[in-house]
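Below you'll find the structure, written out as structure tokens, and then a few comments.
The sequence lines fix the lettering, A, B, ..., with proteins before strands; numbering per chain opens at 1.
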Amino acid sequence: MPVTEAQIWDWLEGVPDPEIPVISVVDLGVIRDVSVSGDAVTVTVTPTYSGCPAMAVISMDIETALATNGIVNLQIQTRIAPPWTTDWLSEKARTRLEEFGIAPPQPAGGPTRCPHCKSDRLEKISQFGSTPCKAQWRCQDCLEPFDYFKCI
Amino acid sequence: MTVSAAESPLFEFLLRQGDNALVLGHRTSEWCGVAPVLEEDIALANMALDLIGQTQLWLGYAGEVEGAGRTADDLAFLREVYDYRNLLMLEVPNGDFGRTQMRQFLFDAFQVPWLTRLQDSKNTRVAEIAAKCLKEALYHLDRSSHTVIALGDGTEESNRRMTDALTFLWPYSGEVFKDDATDNAMAEAGVAPLPSDLHSVWLETVERVLTEACLTLPEGAFAQSGGRTGFRHTEHLGHMLAVMQTLQRSYPGATW
């Protein structure tokens, strides 16, 4: 039976972001297109940050996940325009990020509340955190530092 | 057979963009593990990563335009000093942390308006790469201006060091605005604005931030040049490339 595009999307849902495993690469918004032609599958991926080392891992993980499901004729294309934006994070991803202890991106440019105690008394520690996409903040009530997913 | 600058001003233009990002990215990465505090160490490593990512976009496209089969990696690791087209300001040694931040700021203050204009390039690929890089340049500028202000308006020592940094870097800062044949060709083709068009907006940003940082804009309009044309690099670029390229030079074609 030929594979459908919906089926591919479904399998991609099962590929976690290598740095933030609670969200999938689909939730992250980096999968821009999936097309199937006969047994050939093309997945179009957009980089989050131009130098993010996780992108190579993401491509490899996509390849592995699809190979496990019998897709061998796979092409992964990179597309840089329009550039990736945090607006493409799914609602589910935003909820999961907060549950995981990472404040989701906000248009205002900073977190609205502490992902741990929900206080809004916050301070920025550094514009960069454990990965290029995150900044470090601290809650002034529970005093816990936390990652904030930067808005770009 | 490679195309010369005269044959392809677009290739030359792309090398300038890519080499700026590459050389500054490599210099910034030299702070990895030795920055004054952990947060700055992480920040500098992340900025370097952004710049190396941008390099891949620019030099990747440069390789395609050249049409000689060279990849971004080939261009980065297998060219000689005089093939490089980066600004001199970006290749000089980092100096102290303050000078590194001042250099980043002087560069970012140009990159933001420059990439903003390049987004409207008639060359679609240039416009796309610029749009991607601009997102990163914006927070680089945000960060470098804050750091310059914090250090300039800090202690007596930090102010003195930032003054020294500015004095050292200032003669290099004007190089980017010296239009040449490549710039004219790019402007005529609608690929890019003339860099000199951006001088006033750059100066406005620089003056505003330096004033807030309690630093004085240096006198004098003398500008070192030779980096972006490849005519004359400083002695430092060769040393930098020796470190950066050693692996590919010693083990040609090595991958991992």
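Identified under the side chain to side chain donor-acceptor pair (under 3.5 Å) test for residues 48-64 of chain A, with sequence neighbours left out: S50(A)-E136(B). Counting only residues at least two apart or on different chains, the side chain to side chain donor-acceptor pair (under 3.5 Å) pairs with a member in residues 99-117 of chain B are Q17(B)-W114(B), W31(B)-T100(B), N94(B)-R103(B), Q104(B)-D108(B), D108(B)-S144(B).
A distance of 6.5 Å separates NE2 of H146(B) from NZ of K124(A), quoted to the nearest 0.5 Å.
Close approach to chain B, defined as a heavy atom under 4.5 Å from one of its heavy atoms, is seen in no residue of residues 93-117 of chain A. Listed by sequence position, I80(A), A81(A), P83(A), W84(A), T85(A) are the residues of residues 76-91 of chain A in contact with chain B, using a 4.5 angstrom heavy-atom cutoff.
Looking at L49(B), the atoms closer than 4.5 Å to chain A (heavy atoms on both sides) sit in the backbone and in the side chain alike. Neither the backbone nor the side chain of L138(B) comes within less than 4.5 Å of any heavy atom of chain A.
The main-chain N or O of Y139(B) is never found under 3.5 Å from a side-chain atom of K150(A) such that the two would form a donor-acceptor pair.
Between chain A and the options A131(B), G53(B), C133(B), heavy-atom pairs under 4.5 Å are most frequent for G53(B).
In the displayed structure, E212(B) atom CD is contacted under 6.0 Å by at most 12 heavy atoms of other residues, nucleotides or ligands. Annotation: K122(B), atom NZ; neighbour count of heavy atoms from other residues, nucleotides and ligands within 6.0 Å does not exceed 12.
Looking at every heavy atom in both residues, K135(B) comes nearest to I152(A) through NZ-C, 3.3 Å.
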